[in-house]
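Right, one structure below, let's go through it.
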Amino acid sequence: MTETAKTEPTRTVHFIEEIMEADVASGKWGAPGDRSVIRTRFPPEPNGYLHIGHAKAVCISFGLAERFGGTCNLRFDDTNPVKEEQRYADAIAEDIRWLGFRWPGAGEADAQAGILHASDYFPRMHEWAVELITKGKAYVDDQDAETIRAARGTPTVPGTPSPFRDRPVEESLDLFERMRRGEFGDGARVVRAKIDMASPNFNLRDPVMYRVLNTAHHRTGDAWHIYPMYDWAHGLEDSIEGITHSLCSLEFEDHRALYDWFIDAINEGRPGEWGEPIHHPQQIEFARLNPTSIVTSKRKLRQLVDEGKVSGWDDPRMPTLSGLRRRGYTPESIRSFCETVGVTKFNATHDITLLENALREDLNARAPRRMCVLDPLKVVITNWGEHGDEQRTEWMAATNNPENEQAGTREVPFARELFIERDDFMEEPPNKKWFRLKPGGEVRLRYGYWITCQEVIKDDTGEVVELRCTYDPQTRGGDSPPPDAEGKVRKVKGTVHWVSAGHAVEVEVREYDRLFTVERPDRAPKEAPDDWDWLTNLNADSLRVRTGARLEPNWPVSDVERSVGTGDFADGIARLQFERHGYYAVDGSAGDSRPIFNCAVTLRDSWSKK
RNA sequence: UGGGGAUUGGUGUAACGGUAGCACAGCGGAUUCUGGUUCCGUCAGUAGAGGUUCAAAUCCUCUAUCCCCAGCCA
């Protein structure tokens with residue numbers, strides 16, 4: 001893979017990185033100056049697919065570890081068996097690998113290698129819970145969920161303690177053991193931390209640590225009847241793995257007090273009869289990604305899939321990583337996008353065009369160029385046989401990638417019958433700025449010849465079905481003809497793409513528009529009725545399938561292009577620039593015999609704006 | 001009415017008491033065999049009010065606005 005000449009975009013050092021730098025310098029986690037001590041983790045719950053919002057979190061935790069020469073674990077936070085499935089875990093791991101990140105022990109052969117699971121820590125968490133109960137810092141509560149909620153209080157009125165709050169330690173221990181063995185029904189009892197029912201921070205009003213769930217877990221089977229809550233489990237998982245910096249999103253700021261409380265509670269009296277103190281990571285919060293015109297709510301994405309608004313989680317219009325991948329997005333473009341949005345605690349809005357621009361930038365440098373006529377209009381070169389060689393094919397050299405000279409050229413066939421884009425011809429152009437083909441007008445066929453439209457042929461309905469043109473043999477390759485006797489060079493303003501009708505490959509091209517045309521699809525308008533449905537913002541016209549497109553026959557790409565890094569992407573997905581249109585990716589999931597190309601993003605069009 | 005966070009051009013993001021910079025978008029121009037790319041120019045900002053200081057986006061006080069929190073979800 002060749003390097004593009006571009007210099008790396010200047011990367012700004014964000015606040016989390018500064019904290020890490022300071023910790024490295026002070027030797028908080030190891031020898032001062034040893035950057036490799038940085039340990040982060042990405043802890044998804046395997047209950048759905050990763051989307052572009054998750055990509056930011058992935059890039060932060062994995063990216064920071066990469067930058068410091070430390071490590072980032074992939075850990076499935078599988079503490080709630082009723083929502084989790086192995087297939088989600090598999091998809092998540094695949095998406096992270098696709099982005100180009102690796103966790104310790106990740107192997108190329110075994111996709112599962114090195115992946116960690118909260119469920120593997122259940123026994124240790126259980127021991128620590130017993131410890132907290134024994135220390136009088138936790139208790140079993142017999143109240144049901146409704147009662148507990150009612151007693152929790154409000155922002156201004158303190159909660160009231162459970163009547164079971166001060167029950168004997170032995171009784172709690174016994175009940176906890178019976179909970180574990182499955183003697184009680186779902187929700188019958190919980191274990192609660194004994195903190196402060198009057199705390200202004202709700203998370204500290206005796207939070208639940210364990211609930212009874214008589215549900216089989218996708219990894220531990222029916223070994224457990226109790227499952228730990230996030231707040232209890234998460235810090236312990238981080239502690240066990242020796243995480244130095246536990247990075248999460250802003251909504252967990254209020255949970256940090258609890259995160260710290262649990263670890264401190266375990267460490268109380270340590271070193272001592274309970275053993276050595278356990279590791280205490282630092283939780284740091286950052287703002288989520290918040291892109292315009294898409295939804296990232298898992299519930300809403302699921303709704304789109306379930307109601308058939310899209311073809312699946314990997315529909316190319318979906319903001320899931322699997323959808324973006326199928327659409328043609330490169331991992332590099334997504335990582336570049338995450339770099340430009342930065343890392344702060346500010347709830348920013350990220351224009352989705354930034355993501356599109358990141359892809360354009362990457363693909364402009366790397367994607368091989370091809371000519372593809374999406375909506376063919378036949379052109380017959382009437383003077384092609386002027387020397388009696390009407391059936392001949394001429395092969396024209398075309399540049400594979402103007403951004404990368406080493407990508408070389410290819411030979412494109414030119415013959416008597418061609419296709420051009422229907423849009424590139426107008427019988428009656430609206431103004432003088434029409435540089436493309438018109439009756440009596442001349443245009444350059446890129447890398448081909450200059451042609452002049454002599455005759456327009458229509459069918460019974462008046463639709464143009466064919467153009468009869470003449471070519472100028474002196475313009476071979478698309479170059480200007482030699483100067484005339486007076487030294488004047490003839491010029492042509494317009495250049496259009498084309499294919500040879502007899503040589504082109506028929507392909508299917510799928511073009512996508514935004515799934516939602518408003519900036520905030522899930523935000524109800526000010527005067528919306530109570531039953532306002534967010535799906536009213538759905539763009540009914542977001543998919544366009546073109547079945548009759550014609551691609552020049554240089555496909556798949558050449559060895560030369562592959563060898564210099566164009567036409568060869570690390571994820572094995574081929575992407576091309578169809579000149580004057582956009583960037584297109586081969587859809588391998590569609591399972592059709594005819595090649596299918598998804599339009600990842602169009603070229604910028606500074607013309608339509610004017 | 002409680003607690004926790006946040007606020008710098010249109011949108012993001014730097015500046016860590018010392019010239020408010022960069023990117024994207026916008027606008028104008030140049031180059032171009034892609035209405036692409038590239039290049040040049042340009043518009044535009046410290047939420048508000050006080051205070052400290054030779055000097056404040058930065059420190060202090062008050063105000064405003066926005067986000068999160070009352071799951072046996074994560």
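All chains are named by letter (A, B, ...) in the order of the sequence lines, taking the proteins before the strands, and each is independently numbered beginning at 1. Values reported hereafter were calculated over all heavy atoms of this structure, with side chains retained and with hydrogens, waters and symmetry mates removed.
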Would you please name every residue forming a side chain to side chain donor-acceptor pair (under 3.5 Å) with A/Asn47, sequence neighbours left out? A/Glu45, A/Lys298
Taking OP1 and OP2 of B/U13, is either one under 4.0 Å from a side-chain nitrogen or oxygen of A/Thr344? yes
Who pairs with A/Asp522 by salt bridge (Lys or Arg N to Asp or Glu O under 4.0 Å), at least two apart in sequence or on another chain? none
Just N and O in the side chain of A/Thr340: are any of them under 4.0 Å from OP1 or OP2 of B/U13? no
Of all the choices, B/U34, B/C24, B/G5, which nucleotide is nearest to the side chain of A/Arg256 once you look at every atom? B/G5
Would you measure the distance from the C1' atom in B/U7 across to the matching atom in B/U46 and give it in whole Å? 10 Å
Using the side-chain contact (heavy atoms from CB on, under 4.5 Å) criterion, which residues pair with A/Pro521? Sequence neighbours excluded. A/Val295, A/Phe516, A/Val518
Please enumerate all residues that pass salt bridge (Lys or Arg N to Asp or Glu O under 4.0 Å) together with A/Arg520, with sequence neighbours excluded. none
Answer with base, sugar-phosphate or nothing: what part of the nucleic acid does A/Glu45 contact at a heavy-atom distance below 4.0 Å? sugar-phosphate
Name all stems that contain residues of RNA chain B, defined as runs of 3 or more consecutive Watson-Crick or G-U wobble pairs, both distances under 3.5 Å. B:2-7 with B:64-69, B:10-13 with B:21-24, B:26-30 with B:38-42, B:47-51 with B:59-63
What distance, rounded to whole Å, do you find between the two C1' atoms, one in B/C72 and one in B/U61? 45 Å
Sticking with atom P, work out how far B/C39 lies from B/A25, rounded to a whole angstrom. 12 Å
Check whether the side chains of A/Gln474 and A/Asp472 place a donor and an acceptor atom closer than 3.5 Å, and report yes or no. no
So, does the side chain of A/Glu403 form a donor-acceptor pair with the base of B/U38 at under 3.5 Å? no
For atom CD of A/Glu253 and atom C1' of B/C67, their distance in whole Å: 10 Å
Nearest heavy atom decides the nucleotide; on that basis, is A/Phe346 or A/Asp351 closer to the 5' end of RNA chain B? A/Phe346
Look for any protein N or O under 3.5 Å of an N or O in nucleotides 69-72 of chain B and output each such pair with its distance, or none.
from	atom 1	to	atom 2	distance (Å)
B/C72	OP1	A/Arg152	NH2	3.0
B/C72	OP2	A/Arg152	NH2	3.3
B/C72	N3	A/Gly187	O	3.0
B/C72	N4	A/Gln143	O	2.8
B/C72	N4	A/Ala145	N	2.9
B/C72	N4	A/Gly187	O	3.1

Please write out each protein N/O paired with an N/O of nucleotides 40-44 of chain B under 3.5 Å, distance rounded to 0.1 Å.
none

Identify, with sequence neighbours excluded, every residue that meets side-chain contact (heavy atoms from CB on, under 4.5 Å) alongside A/Val24. A/Arg35, A/Ile38, A/Phe68
Taking atom P in both B/C43 and B/C27, what distance in whole Å separates the two? 16 Å
Which residues satisfy the salt bridge (Lys or Arg N to Asp or Glu O under 4.0 Å) test with A/Lys194, sequence neighbours excluded? A/Asp166
So the salt bridge (charged side-chain N to carboxylate O under 4.0 Å, His left out) pairs with at least one residue in residues 204-219 of chain A (sequence neighbours excluded) are A/Asp120-A/Arg219, A/Arg165-A/Asp206
So, do A/Phe597 and A/Phe578 have ring centers that fall under 6.0 Å from each other? yes
Could you tell me whether the side chain of A/Arg604 has a donor or acceptor atom within less than 3.5 Å of a complementary atom in the base of B/U37? no
Contacts of A/Asp141 that satisfy salt bridge (Lys or Arg N to Asp or Glu O under 4.0 Å) - sequence neighbours left out: A/Arg192
Kindly state each residue pair satisfying salt bridge (charged side-chain N to carboxylate O under 4.0 Å, His left out) with at least one member in residues 224-235 of chain A, sequence neighbours excluded. none
It should be established whether A/Thr292 places a side-chain nitrogen or oxygen under 4.0 Å from OP1 or OP2 of nucleotide B/U11. no
